[in-house]
J.: 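A single structure is presented below for examination.
So you know, we letter chains A, B, ... as the sequences are listed, proteins then strands, and number each from 1. Quick caveat: nothing in here was measured; it's all calculated off a predicted structure.
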2 protein chains.
Amino acid sequence: MKLGQATIKDIAKELNVSSSTVSRALKDYPGISDETKRKVKELADKLNYRPNAVALSLRKSKSFTIGVIIPEVVHFFFSTVISGIEEIAFANGYNVILCQTNERLDREKSSIETMLSNQIDGLLVSYSKETTDFEHFSKLMKLEFPIVFFDRLPDLPNSINVTVNDYDGAYQAVTHLISQGYKKIVHLAGPKNLTISKKRREGYIQALEDAGISVNENLIVECPSGTEKESFDVTIKLFEDVDNRPDAIFAHHDIVGAGAMMALKSIGLKIPEDVGVVGYSNWQFSSMIDPPLSTVSQPGFNIGEKATTMLLDMINNKNDYKKEPVHVVLDTELLVRKSSVRL
Amino acid sequence: MKLGQATIKDIAKELNVSSSTVSRALKDYPGISDETKRKVKELADKLNYRPNAVALSLRKSKSFTIGVIIPEVVHFFFSTVISGIEEIAFANGYNVILCQTNERLDREKSSIETMLSNQIDGLLVSYSKETTDFEHFSKLMKLEFPIVFFDRLPDLPNSINVTVNDYDGAYQAVTHLISQGYKKIVHLAGPKNLTISKKRREGYIQALEDAGISVNENLIVECPSGTEKESFDVTIKLFEDVDNRPDAIFAHHDIVGAGAMMALKSIGLKIPEDVGVVGYSNWQFSSMIDPPLSTVSQPGFNIGEKATTMLLDMINNKNDYKKEPVHVVLDTELLVRKSSVRL
DNA sequence: TTGTAGGCGTTATCAG
DNA sequence: CTGATAACGCCTACAA
């Protein structure tokens with residue numbers, strides 16, 4: 001800010017009027033002579049006047065800025081969500097402050113503190129994998145501070161949530177595998193404390209039960225870190241017993257699925273002939289790997305849009321979400337590709 | 001901000017001291033009795049006092065916020081850069097306001113206006129594909145407003161720049177292809193107005209010349225949008241003439257490379273036996289496609305870190321970059337995978 | 001139609 | 001050791 005930005009005062013001084021007159025002229029208030037308005041606007045233009053949003057924030061106790069807490073930008077899914085958030089925020093004159101937690105709770109907490117210091121008007125949150133206690137959120141919610149959670153939902157009453165139908169996505173994926181004749185289906189699951197993981201697991205279990213296949217807990221293996229390497233190792237282990245191998249994998253996201261595919265190839269198993277694989281999230285790469293990975297597509301952009309729209313509604317009291325818990329569920333879509341089709 | 005946040009005044013009133021005393025006590029100024037300090041801090045704690053960063057910004061004419069302008073978050077490369085930016089900013093007590101331009105100039109301009117209104121202390125920019133005139137930047141630079149450009153560099157004297165060595169990356173990639181015996185190497189190039197495109201093209205040309213291969217302009221085809229579909233179509237066309245086909249492709253990024261690979265497969269050509277392919281940027285998917293795509297890896301995270309470090313130096317006058325144009329060039333790394341190895 | 005004064009939360013300066 | 005005051009830029013009730 002060495003910009004030497006012109007202020008209302010500067011304009012007032014030069015024109016020999018008061019700053020209130022300038023302020024009003026700039027906003028086309030009634031009861032200002034056209035002559036004055038013209039002069040003021042002209043000079044403002046000439047001086048390249050730009051209202052100081054910080055002063056405005058202070059004055060109005062409103063910053064027109066929303067905070068976004070996400071685990072990691074580099075996750076394709078989250079980057080699409082951010083796009084949606086940005087779009088709506090921008091269209092409504094709001095700024096977006098971004099903080100990634102890198103899946104760490106301490107980072108999450110301190111980011112929120114900083115954002116609050118900066119007087120954000122509301123918060124969009126997808127919390128970290130380390131977060132199991134939600135008091136830092138509930139504290140704010142009790143004070144009626146606007147928060148919308150997306151993708152990862154807290155175990156809190158009255159939270160406002162936007163997710164996809166993870167249960168249904170998983171159910172569809174597993175049902176599809178069953179329809180292709182796969183019988184012994186592994187679930188490479190996500191961290192237990194995430195609702196999305198729970199829901200996907202439930203969908204997996206229900207699909208099996210509805211097909212009359214008994215659920216074997218040994219076939220549900222957690223891949224908490226979600227890296228390719230982790231799922232590679234887990235998969236190798238699962239397929240160790242040559243006489244008793246699973247014949248399909250439902251992975252809780254595409255990277256995990258891709259890691260599993262590499263493992264399968266490395267031990268000479270053919271996809272989809274020997275083993276079927278379905279992932280989750282429709283990452284950018286999923287259609288390009290070999291064979292193309294079937295997956296459950298989540299509408300990330302829409303999630304961002306919807307969550308932001310709701311948050312702005314809350315901020316501007318257009319809608320009273322307080323009366324009941326709200327949970328918007330967007331539909332997933334099963335994308336069937338080669339990795340899971342053998343009929 | 002229905003938070004009813006406690007202010008210094010509140011503390012002062014409750015303790016029957018002046019706000020200046022509270023302010024000083026909170027910051028451990030000398031000349032405040034330990035007793036007072038204790039009381040103030042205790043109460044501040046109890047009231048969950050949080051300094052109002054907006055008021056501070058106004059007072060100090062400094063917001064501890066930097067703006068970031070990028071084309072699109074969903075580009076893997078940019079998301080890694082953001083990670084690097086965030087990391088350094090956060091570590092130094094700075095916030096990050098993010099705006100994506102979606103490759104549109106009007107959006108770029110208005111984003112900058114908004115950010116300036118919000119009194120950002122500096123700007124990190126990778127401009128849009130539509131941007132050919134840089135006056136909206138040079139205007140600010142003349143006023144000594146701190147700006148660091150990364151990845152896409154403007155045609156401006158005295159700009160502070162961080163990029164990778166695109167020329168060298170391309171040179172290495174093409175030299176590698178030549179070393180594998182490929183002779184008729186296509187370049188699927190990026191938009192002409194981007195320096196990165198120019199540099200990569202130059203590297204491509206130089207590598208050919210150094211190997212004594214004459215450059216055929218028909219083999220340099222622009223893929224401005226950079227989508228899979230576009231490069232698919234372009235590739236199909238390039239290989240139409242069965243008797244006179246190229247035998248290798250150097251793509252200006254991995255998506256373009258992947259699109260080309262799909263096209264090659266669709267017309268029955270084998271990679272790398274018939275045609276070798278090298279991409280650029282090392283997208284997440286590149287190691288997972290079939291065959292794994294050779295590529296030039298750019299250190300996105302490091303670019304973000306470096307650019308932010310430099311920007312903060314400028315903001316805090318720790319370093320005087322004004323005296324001469326600065327261009328930090330980080331090294332790329334050629335990742336040789338199956339798509340380009342046939343010897 | 002315009003001006004004056006006060007305040008949003010904080011801190012620097014000057015005065016006790 | 002502590003307090004009063006002014007100022008950052010803007011808006012608005014009240015006054016003229």
J.: Over how many whole Å does the gap from Q119(B) atom CD to dG9(C) atom P extend?
T.: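 It works out to 19 Å between those atoms.
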
J.: Donor-acceptor pair under 3.5 Å: do we get one between S20(A)'s side chain and the base of dT4(C)?
T.: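 Side chain to base: pair found, below 3.5 Å.
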
J.: Kindly say whether, by distance alone, the side chain of R59(A) makes a donor-acceptor pair under 3.5 Å with the base of dC11(D)?
T.: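 Flag set: donor-acceptor pair detected.
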
J.: So, OP1 or OP2 of dG3(D): does either fall under 4.0 Å of a side-chain N or O from T21(B)?
T.: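 For dG3(D), OP1/OP2 do have a side-chain N/O of T21(B) under 4.0 Å.
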
J.: Would you classify V17(B) as touching base, sugar-phosphate or nothing, given that sugar-phosphate means primed atoms plus P, OP1 and OP2, and contacts are heavy atoms under 4.0 Å?
T.: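 Result for V17(B) = sugar-phosphate.
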
J.: Using 30° and 60° as the class boundaries, would you call the ring planes of F150(A) and F78(A) parallel, tilted or perpendicular?
T.: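 Perpendicular, since the angle between the ring planes exceeds 60°.
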
J.: Is the positively charged end of K139(A) above the ring of F137(A), judged by distance under 6.0 angstrom from the centroid and angle within 45° of the axis?
T.: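 Ring-cation test returns no.
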
J.: Nearest whole angstrom, please: distance from the P of dA7(D) to the CG of N52(A).
T.: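 Atom CG in N52(A) sits about 18 Å away from atom P in dA7(D).
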
J.: Provide, to the nearest angstrom, the distance between the NZ atom belonging to K9(A) and the C1' atom belonging to dA7(D).
T.: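 That distance rounds to 7 Å.
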
J.: Please report the C-alpha distance between S61(A) and Q119(A) in whole Å, then the side-chain angles of each, then the deciding distance to 0.1 Å, and finally whether the side-chain hydrogen bond (donor to acceptor under 3.5 Å, both in side chains) criterion is met.
T.: CA-CA 8 Å; S61(A) 299; Q119(A) 313 301 109; over 6 Å; no

J.: Are Y49(B) and dT10(C) close enough that a side-chain N or O sits under 4.0 Å from OP1 or OP2?
T.: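 Checking Y49(B) against dT10(C): at least one side-chain N or O falls below 4.0 Å of OP1 or OP2.
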
J.: Start at the 5' end of DNA chain D and walk down; is the nucleotide closest to S19(A) or to S19(B) reached first?
T.: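 Closest to the 5' end, via its nearest nucleotide, is S19(B).
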
J.: Would the Y127(A) and F134(A) ring centres measure less than 6.0 Å apart?
T.: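 Here the rings of F134(A) and Y127(A) have centres that are less than 6.0 Å from each other.
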
J.: Return the value, rounded to whole Å, for the distance between atom NZ of K62(A) and atom P of dC10(D).
T.: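 K62(A) atom NZ is separated from dC10(D) atom P by 19 Å.
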
J.: Return no unless some side-chain N or O of S23(A) is found under 4.0 Å from OP1 or OP2 of dC10(D).
T.: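 Negative; the distance criterion is not met.
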
J.: Mapping A55(B) and R24(B) to their closest nucleotides on DNA chain D, which lands nearer the 5' end?
T.: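 The residue closer to the strand's 5' end, by nearest nucleotide, is R24(B).
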
J.: Tell me the interatomic distance from Q5(B), atom CD, to dG9(C), atom P, rounded to whole angstroms.
T.: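 Interatomic distance, CD of Q5(B) to P of dG9(C): 10 Å.
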
J.: Measure the spacing between CD1 of I147(A) and CD1 of I112(A) and express it to the nearest 0.5 Å.
T.: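 That separation rounds to 7.0 Å.
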
J.: Should T36(A) be listed as having a side-chain N or O under 4.0 Å from OP1 or OP2 of dT2(C)?
T.: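 For dT2(C), OP1 or OP2 has a side-chain N or O of T36(A) closer than 4.0 Å.
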
J.: Give one of base, sugar-phosphate or nothing for N16(B), where a contact means two heavy atoms less than 4.0 Å apart.
T.: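 It contacts sugar-phosphate atoms only.
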
J.: Would you kindly give the CD1-to-C1' distance between I8(B) and dT10(C), to the nearest whole Å?
T.: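 Answer to the nearest Å: 6 Å.
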
J.: Take the protein atom NZ of K60(A) and the nucleotide atom C1' of dG6(C), then report the distance between them rounded to whole Å.
T.: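 About 17 Å, once rounded to whole Å.
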
J.: Whole angstrom is fine here: how far is it from OH in Y29(A) over to C1' in dT1(C)?
T.: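 Rounding to the nearest Å, OH of Y29(A) and C1' of dT1(C) are 15 Å apart.
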
J.: Hey, does the side-chain of R50(B) have a donor or acceptor N/O within less than 3.5 Å of a partner on the base of dG9(C)?
T.: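 No.
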
J.: Taking 4.0 Å as the cut-off, does a side-chain nitrogen or oxygen of S18(A) come that near to OP1 or OP2 on dG3(C)?
T.: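 It does, given that an N or O in the side chain of S18(A) lies less than 4.0 Å from OP1 or OP2 of dG3(C).
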
